[in-house]
Amino acid sequence: QVQLVESGGGLVQPGGSLRLSCVASRSIIGDSVMAWYRQAPGKERELVAQISKGVTVYADSAKERFTISRNSAKTAVYLEMNSLKPEDTAIYYCKADKAGFSYWGQGTQVTVSS
């Protein structure tokens with residue numbers, strides 16, 4: 001059984017920054033396609049950022065503001081979020097894809113408001 005746990009969410013003012021973290025229970029991050037998704041109230045869950053074999057992709061809304069990365073030990077994946085906007089408010093989920101299986105975290109709330 002693999003578990004993903006997100007942390008780092010919270011309340012931040014517009015223009016501020018947050019760093020989200022995701023850790024896996026069985027050290028699968030290094031061999032997995034890792035991604036961050038988000039879901040705002042009344043909207044579909046959307047891909048925010050993805051990293052696979054060192055290659056990163058971002059949603060248009062996240063480009064130039066967000067950065068996805070892994071730590072050197074490959075025990076965690078991060079989402080650095082800068083210049084946050086109210087429309088970034090959502091629950092952010094960590095996802096791992098490996099060997100035909102998908103694993104999801106429970107999510108962490110990010111609220112951008114003054």
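Scope of the values below: all heavy atoms of this structure, side chains included, with no hydrogens, waters or symmetry mates.
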Worked check of side-chain contact (heavy atoms from CB on, under 4.5 Å) between V33 and K53: CA-CA 8 Å; V33 177; K53 302 184 185 301; over 6 Å; no

Which atom names give the shortest non-hydrogen contact between [X] and [Y], and what distance separates them?
| X | Y | answer |
| --- | --- | --- |
| G8 | L18 | O-CD2, 3.7 Å |
| V110 | G9 | CG2-CA, 4.2 Å |
| L47 | A59 | O-CB, 3.3 Å |
| S32 | A96 | CB-CB, 4.2 Å |

Among R38, E87, K85, side chain to side chain donor-acceptor pair (under 3.5 Å) partner for S61: R38

Trace of the side-chain contact (heavy atoms from CB on, under 4.5 Å) decision for D88 with M81: CA-CA 10 Å; D88 294 319; M81 304 185 293; 6.0 Å; no

Same apolar cluster: I51 and Y58, side chain cutoff 4.5 Å: yes

Connected via hydrophobic side-chain network under 4.5 Å: F66 and I68: yes

Donor-acceptor under 3.5 Å (S102 side chain, D97 main chain): no

Flag side-chain contact, heavy atom, 4.5 Å: Y78 against T67: no

Sub-4.5 Å side-chain heavy-atom contact between W36 and V77: yes

Distance in Å, Q109 CD paired with L11 CG, rounded so as to fall on 0.5 Å steps: 10.0 Å

Side chain to side chain donor-acceptor pair (under 3.5 Å) partners of residues 5-23, not counting sequence neighbours, each pair once: S17-N82

Within 6.0 Å of NZ in K74, more than 12 heavy atoms from elsewhere: no

Residue list, ring-ring contact (aromatic ring centres under 6.0 Å, His included) with Y37, at least two apart or on another chain: W104

